Structure formats: structure tokens, C-alpha cells
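Model, not experiment: these values are computed from the prediction.
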Amino acid sequence: MPLTATVISGVQKCVLYETRARYFLVGSNNAQTKHRVLKIDRTEPRDLVIIDDKHVYSQKEVRELLGRLDLGNRTKIGQKGSSGLSRAVSAFGIVGFVRFLEGHYIILITKRRKMADIGGHSIYKIEDTNMIYIPNDSVRVPHPDEARYVRMFQNVDLSSNFYFSYSYDLSHSLQHNVTLLKVPYSPGEVDKLHNSSSKLESFDIFEDEGLPTQVVYGLRNKPYAKYVWNSRLLEKIQDTVHPDWLMYIIHGFCGQSKLLIYGRPVYVTLIARRSSRFAGTRFLKRGANCEGDVANEVETEQIIHDASVMSLTAGSYSSYVQVRGSVPLYWSQDISTMMPKPPIRLDQADPYAHVAALHFDQMLQRFGSPIIILNLVKKREKRKHEKILSEELYPAVTNLNQFLPPEHCIEYIAWDMARYTKSKLCNVLDRLGLIAENVVKRTGFYINRADFHCHTLRPDERWGDLGGLVTAHGRLQTGVLRTNCVDCLDRTNTAQFMVGKCALAYQLYALGLTDKPKLQFDTDCVRLFEELYEDHGDTLSLQYGGSQLVHRVKTYRKIAPWTQHSKDIMQTLSRYYSNAFSDADRQDAINLFLQVYQPVESKPHLWELPTDFYLHHSNTMALPQERRSYTYWWSEGVLSHLPVPYDEVPCEKNKQKVAVKRVNQYDESTDMYTEFFKPYELTSFDDTFCIAMTNSAREFMPKSVGLDPSPFTVRKPEETGKSVLGNKSNKEETVLQRKTAASAPPPPSEEQISSSSEDDSEEDREDDATASQRSTPIKLAESGDNVRTQEEQQQLPYQPARETYGLNLSALPSEENLLIYHRFAHLGQNQHKLERRDKTTDAPKSLGNTISLRRDERERSS
């Protein structure tokens, strides 16, 4: 079967050239060896006329073409003063085209910054954009409200948390993208899937010569429209231009940090995709619309991969996905009263849970089963507020479950997190840890390789109970956790962090980096992960609520400093101000950017509409053509493939979403090595992204010598790298740490530090007490597992290879190698004996010195 690879976009750098009648957009790949040209007409005042000849130019051909255009557009032949072709702007891609009441604008990315790297695929953040008016001033028909629409459109700051990639599909999960590469394609299917233009691109110069070449199938997948924010801006050109020009952006968060495990680099990546459906601000977008899209819906994916191997197919990669989103009901809050917490009201009765059915149908298609709901809203209140939502959601889920098979039912977990937080007897994070353990065991996680031999050498009880789907290539995550509170901000972020922490422990264990699937607080690894989640929560909270997180993980651990309370008050005031005064303008800007509202001269302006309810609920403007069944509420084909998500099934419908082209193995469009390492450029190690990213050894590990460098060792707060660097007065303490580090007992475990929850069983406490207190990446032998006696071990000249490395040597070591081994072993034993003698002789010497000093003092006094 031929190899498959992701197609790399051929347009990564753009230059816009301008004449009086046209714009010429010249795009090239990273090496600037292949170029494409778009011709944009400037003589049309309202229509967008774009011509793409689909031809690939070399660098020499592009220069000749631009020279001819320059010569042909001068006012007089032979004139050298004023050029007929001028360079307008340089860019890194097209966001899209938009029109208000006059002509069209083109939006170009002028600055970018690398944020993450996944298997050689670079992910960039948009830093700056340029919005250029296309028609010439001579044909422009001015409109008095055009400038207001332009200002409103630019209120959506494209330089804040918009991300794109030239080769990696950010709208899908890692599991979907890697699974797509493993789908087998026959030559007949490839001929059906790729069009005539791709046949021209896949021309092989060695085909006529009869030379054998390795055929590679280049795959270009259709993005998931729900998480793409510029799909409407690219609608007018997507059928006329080459796919290399189309670049899809997501909105949310992207962060990456490096976890160093004794020098071995492991990248921890967090990607959050915000839904573009029913998008908006806190009090103006609540609940769900008529199509099942909910407000503040964000899909969060954590990706762990061993950075020592770059390739997606050859390396070790693992991911875990969870979702947050508003309660899928028709509900809202009246903000006209200017109250901090406006009353919740149910807008429409939905006795058959029609909206919830549409929403969970989408989730079954994308994630499979089981769908687990973690509802964190309050249960007990003096006046009914949040409880209204729980009283409607639970019957809706019960109604939908009666038509599903029992093994694929939606699971519902209701837990009043706010009430637990106020209780002094209960530990919130312990309880969340138990919920997280059960959730991860049910859904499993994704990993692209089978179990290591170390898992059979050192088996763990938790590993055997893990859910998901086990395949020949690894594991698949089936199902997802859906977390919600009222705002889906503070409580939700803490709950997602605890679930992510539990999944991280399983992912590291699956990659063979830890000896048990459990991580403790106050380790470098968890601190790094917590910092990523804090940035993730702050970013999502600013986008939806207008302020950063009010309650953080430290708040729920009850270790936050007293200064944090004043910060929380300031964030609460900031959120209230944003919701009261600026959210309406932000909502109008989002509606205009997503083209939910398109300005037309005959219709009222956006700022004249009393509400945007009709824009987001399509059934209010037209009667639905088909009425869905209340009993068979899922889409066709979804149920037959569960627990596997329907979107990842290699069926005919999903294969139609993939464009396939045949290329040889050296083609630039699929060569990730050239794309990542750029051998045609002169680069410096200091400027590389892997050096600049957050590093656990540099940022979190103590700088004092003698402490355990493992990122899984529990440390005191004052032992972290940041506090040691900032404190200059603790030199004596650091010297003392160096002396006593080797002989100090291991620090207490998480279970001993934190008070146990009421719901903890006696069996769990016994298991935790017997578990080792310090987690290390490699654990060779345990006292309980050692079956051989000391006499048997002394007879062996070296450790058995099977026990140490997981394989048997084909032949025993030679006598010469054994002599070298014995020599070094003898040297090591003698060194230990010398150290012990020094320790024992130091004590009598110091005692003798003190006695002689006292004798001298007595003689002097006498």
C-alpha cells in the first residue's frame, strides 16, 4: 500500500502588487521555488472578480511576468520614473474577502508568530493583519455608513488568539488527523477522488523512463466548519481558486511547553477550538439555538508527544479531548436590570428535548460514545437560580436515553461544586480527582502505538481497567466529557484541569515515561501543566466573559495568597463592567465578522436591530423543510458504528471529504523534512522555537545542586526554580539543601498532604498508602517483585538482559567484555567502601578535636 502524507500548502508567502486596473497577488512556498498568481480586478465597484490560472511558476518565470506587467502599465513606453507596477504589501496568507455597502476588501496576514510544533507541523498565531479596499478610487461609489461597518468589523481583533497552520488541520483532533493517514486508498478510489488539476500536479518525470519511484498519496481533508472562523469570508473564492490559497483559521487558545525528563524532551500542547456557531458574549449568548449549537462551546485537546522523533507516523503521540459548553436548552438572562446575576428564564418549552437531541447528535458523530455530562451548577439555593437549569436538563437526558441502546446511553453526573468549596470538611480537588479517574477510564485516550514491554514488566491495576478502543496501532478515545456550569468559565476550567491532569498521567505512562499512571501536585510536571491551563482559562474567559478567571486552581486548593482575593474582586468588577457596557458592541462585531449579518441597503442596519435572536435562529425566518423524529433523534449511520465516532469511520461519505493526489516521495508538497528543517536557510539554534518555549528544567526545576532532577518529584513551594532565582538571601538554605539532599527522606505524597474526601473508600486509601511516594521515569525493580534470592543474584556476573531491557541477547558477552565489566564493577564497589570509611572516621576526628580544644582552655585558665 502506498504511503500517505498531509499536503503542505504551496502558498505561505504572498506579495500584493498594484496597478490602476488590477491587483496581482503572488504566492509562493517557503523555499520560494514554486509560485502562483491571482489576478483581482479593480474596475468593478461592487462585484469580486478573481482569476486564477492554476499554473505553477518558477522564480524566473514570475520575475519575467512582473517585468512585463511593469512595462505594460507605464503611462509612456520606455519611461523609467514612475513604475506601472508597485509593491503594496507583503503577507503570509489570506484571511478572506468581505463586502459591506461599497466594494470588497481583502484581509491579509502581515505578521505571524510560531506558537506550537506538532510532528513538524508548525502552528502560527496571527499577530497583525491589513484590510485593503480593492476597487480603484475612480470607480468607487461612497456610502455614508461604510466607515461605521469597517470600524465594527475591525472590533474583532484578529491579532488576539486566532491561529492557523499550513499543513496541519487545526479544526480536527489529532486522533482524526492521524486516523485519516492510515485509511487505505486503492488506485481506483484515488482516480475518483482527485480531479483533473491534481493529475497535472502529480506528473512524474521518471514515469516514461520506467524507473521505479515511491508513490505517496497526498491528502487534503475538508475542515470541520463548526470551528473555522473565516469559512464565510472564503465562500466566494473557494470554488474558483486553487486550494493552496485557502487558509482556515480557528479562534481560542494554543500553548506548548517542554517537559524535560532527565534530558528527554516531551512536548505538552494545549489547543482550544471555539465554536463559530452561536458565538458571542456572556449574557447575550446563553443556551442553544434551534440547530443544537450551544453558546461558549470550546473543544480542548491536550497533546503529549516525544519530541525526539518528529514524524507523525513514526513518533509517539497521545491526545485527550474534552468539551465545555452552555446547557443545551432554550434559556437566557435579562440584562436590562443591571444586576450582577440577572435571573435565569426559560424562553421556550421543549418537552421532547428536540434541541438537546440535535446537540448530542452532533457530539455522537464527532466523539462517539459514551457522552458524559458533568453538571457543576448549584443544587441548593435560597432563591431558585442555577437549579432551574438542572431541573430541565436531567429530564431531557432521561428522555433521550430511553431510545438509545443501554451501552451507548448519555451519562449524567451532577455535582454542586460551589457547595463543596464552602465546606471545610470536604476537599474539592480530591472529589474531582475521583470523578476524573472514572471519566478517563470510561472514555480512554488516543495513542498511536501499541503497549510497551515495560507495561507487562510493571503492570498497573488502573491500566487494565482503561476504556476506549484498543487497536493494532494503539488506542482510540471513544466518547467525551462535556463539562458545564452556568458561565462555563471558573468552575469548568478547574474541573477540566483535574480531568486533564488524570489523563496526562495515563498518557505519560502509555508513552513509557512513568512507572505508574498517577501524578501528584507540587511536582514540576503538574506545575507546568497547571500554568498552561491557567493561561487557557484566562484566554477563554476574556473572550466570553470580558475578564480573566476569578477562581483558579490554587483557590480551590486553598493555598492562594491573600493578595489573590483583591485580584479576584478586580476581575469580578472588570467582568461586570464588560458585560454591562461593551458586550453589545462586541456581539455586533462578531455577528458581522462571521457574516451572520450581511449588510444590504434595503434592510435595517445592524445597530438598528433590537435583538439578534432572528439571526441565530433560522427557523424563525423560514419553516423547516423536514421535521426530525423525536424517537430516532440521531443521524443515519451514527448508531451502527458506535462507540467509534462516525466522522472517523472510513465510509464512502467521509472519503468524499478528502482530496487525494498521487505524487512521488520527493515532492515538496508532502516533504515534511524540508518544511520543518529548511535546509535552504541559514538558521541559528538560539532562534529556534524549541529553545524559546517554556521549559520545565529552566522555569520550574530548582537550580540548587543535589536535588532530584525528576519532574515527578514533589517539591515545596520555595524549592521551585522561579522562587530560588528571585530569592538572594537564601544562600545558606541552598547550601544546606545540597548537603542533606541525598540523605533526606522522600517528601510526603499528595494523599498525606490533602485531607481525604468523604466519599473515598477504604480500598482506595490502602492502595494509595502502598503506592510509592516518589514517581520516577524508570523503575528497574521493586522489593516486592524481586523473586530471586541474593545468592542467585550474586552468582550472575551481570543483570539478566530480559529483565532490564525486555529482550534476550542472541549470544552471551565475550570474555574480554566480561573482564571490562568486572573491572568497572570492582572500582564502583571500592569507591562506596571508601566513602563509608570517610564518614565513619570523620566523627571520631571531630570528637577528638573538640576534646583537645577544651584541654587547652583549662590549662590557660589555670
Side-chain angles (χ1 to χ4, degrees), residues 5-19 22-41 50-74 83-94 106 108-110 112 120 122 166-167 194-209 211 213-220 237 240-247 659-683:
T6 308
V7 173
I8 304 165
S9 175
V11 178
Q12 299 190 20
K13 295 177 181 178
C14 305
V15 181
L16 188 68
Y17 294 94
E18 176 184 4
T19 66
R22 288 176 182 85
Y23 276 123
F24 293 93
L25 189 62
V26 180
S28 68
N29 60 355
N30 224 342
Q32 296 188 358
T33 55
K34 294 182 179 180
H35 298 74
R36 295 183 180 275
V37 180
L38 276 186
K39 185 167 70 174
I40 307 171
D41 192 9
I50 294 181
I51 299 171
D52 181 12
D53 57 3
K54 308 287 176 70
H55 182 67
V56 179
Y57 298 86
S58 66
Q59 197 166 17
K60 183 181 177 182
E61 290 171 340
V62 165
R63 285 176 180 171
E64 291 175 355
L65 175 65
L66 295 175
R68 290 197 302 269
L69 290 171
D70 183 23
L71 190 65
N73 283 280
R74 288 177 183 169
S83 176
L85 185 73
S86 60
R87 179 170 176 152
V89 67
S90 299
F92 296 102
I94 306 172
I106 181 172
L108 298 172
I109 299 169
T110 54
R112 68 183 184 186
S122 299
Y166 298 113
S167 55
H194 75 202
N195 51 23
S196 58
S197 63
S198 61
K199 288 179 184 177
L200 293 172
E201 292 171 15
S202 59
F203 175 70
D204 189 358
I205 59 173
F206 300 108
E207 191 173 358
D208 297 334
E209 303 295 331
L211 297 174
T213 57
Q214 176 70 50
V215 176
V216 176
Y217 289 161
L219 307 181
R220 194 192 299 269
I237 65 166
T240 58
V241 302
H242 190 271
D244 280 351
W245 290 103
L246 304 176
M247 191 180 67
V660 186
K661 68 173 184 177
R662 293 178 61 187
V663 295
N664 64 64
Q665 61 178 336
Y666 304 111
D667 193 271
E668 291 181 4
S669 64
T670 56
D671 188 3
M672 278 308 302
Y673 178 86
T674 307
E675 174 69 17
F676 181 75
F677 288 105
K678 300 181 178 63
Y680 45 82
E681 286 184 4
L682 181 64
T683 55

Hey, mind stepping through Arg22 and Leu69 against side-chain contact (heavy atoms from CB on, under 4.5 Å) and telling me if it holds? CA-CA 11 Å; Arg22 288 176 182 85; Leu69 290 171; over 6 Å; no

Establish, from distance only, whether the side-chain atoms of Ser167 and Glu675 form a donor-acceptor pair under 3.5 Å. no

Sequence neighbours left out, what passes ring pair (Phe, Tyr, Trp, His ring centres under 6.0 Å) with Tyr57? Give chain and number order. His55

OH of Tyr23 to CG of Asp41, rounded to nearest 0.5 Å, is 12.0 Å

Return the minimal non-hydrogen interatomic distance between Thr670 and Ala5, and the atom names on each side. CB-CB, 4.0 Å

Considering non-hydrogen atoms only, spot the tightest contact between Phe24 and Val37 and give its length. CD2-CG1, 4.4 Å

Quick one: pull up SG in Cys14 and CZ in Arg36 and give me the separation to the nearest 0.5 Å. 12.0 Å

Reference residue Asn29; test side-chain hydrogen bond (donor to acceptor under 3.5 Å, both in side chains); the match among Gln12, Lys34, Glu668, His35: Glu668

Among Ile94, Ile50, Thr240, find the residue that satisfies the side-chain contact (heavy atoms from CB on, under 4.5 Å) test when tested with Trp245. Ile94

Evaluate the criterion side-chain contact (heavy atoms from CB on, under 4.5 Å) for residue pair Ile40 and Ile106; output intermediate values, then yes/no. CA-CA 10 Å; Ile40 307 171; Ile106 181 172; 4.3 Å; yes

Can you list the steps and then say if Asn30 with Tyr680 is a side-chain contact (heavy atoms from CB on, under 4.5 Å)? CA-CA 10 Å; Asn30 224 342; Tyr680 45 82; 3.3 Å; yes

Closest non-hydrogen contact found for Met247 with Ile109 is CE-CD1, 3.1 Å

Could you state the interatomic distance from NZ (Lys661) to OH (Tyr217), rounded to the nearest 0.5 Å? 14.5 Å

Atom pair CG/CD1 of Leu246 and Ile237 - distance to nearest 0.5 Å: 5.5 Å

How close do Val660 and Leu219 get, counting heavy atoms only, and between which atoms? CG2-CD2, 3.6 Å

So do the side chains of Leu16 and Leu108 get within less than 4.5 Å of each other, counting heavy atoms only? yes

How long is the gap from CD1 on Ile51 to CG on Leu38, to the nearest 0.5 Å? 10.0 Å

Once you round to the nearest 0.5 Å, how far does OH of Tyr166 lie from CD1 of Ile8? 12.5 Å

Run the ring pair (Phe, Tyr, Trp, His ring centres under 6.0 Å) test against Phe676 and tell me which residues pass, sequence neighbours left out. none

Shortest non-hydrogen contact between Val11 and Gly27, atoms and distance: CG1-CA, 3.9 Å

Apply the test side-chain contact (heavy atoms from CB on, under 4.5 Å) to residues Ser669 and Val663: give CA-CA distance (whole Å), side-chain angles for both, the deciding distance (0.1 Å), then the verdict. CA-CA 8 Å; Ser669 64; Val663 295; 4.2 Å; yes

Would you indicate whether Tyr673, at its atom OH, is surrounded by more than 12 heavy atoms from other residues, nucleotides or ligands within a distance under 6.0 Å? no

Can Lys54 and Asp244 be counted as an ion pair, charged N to O under 4.0 angstrom? no

Residues Leu85 and Leu66: closest non-hydrogen pair is CD2-O, 3.6 Å

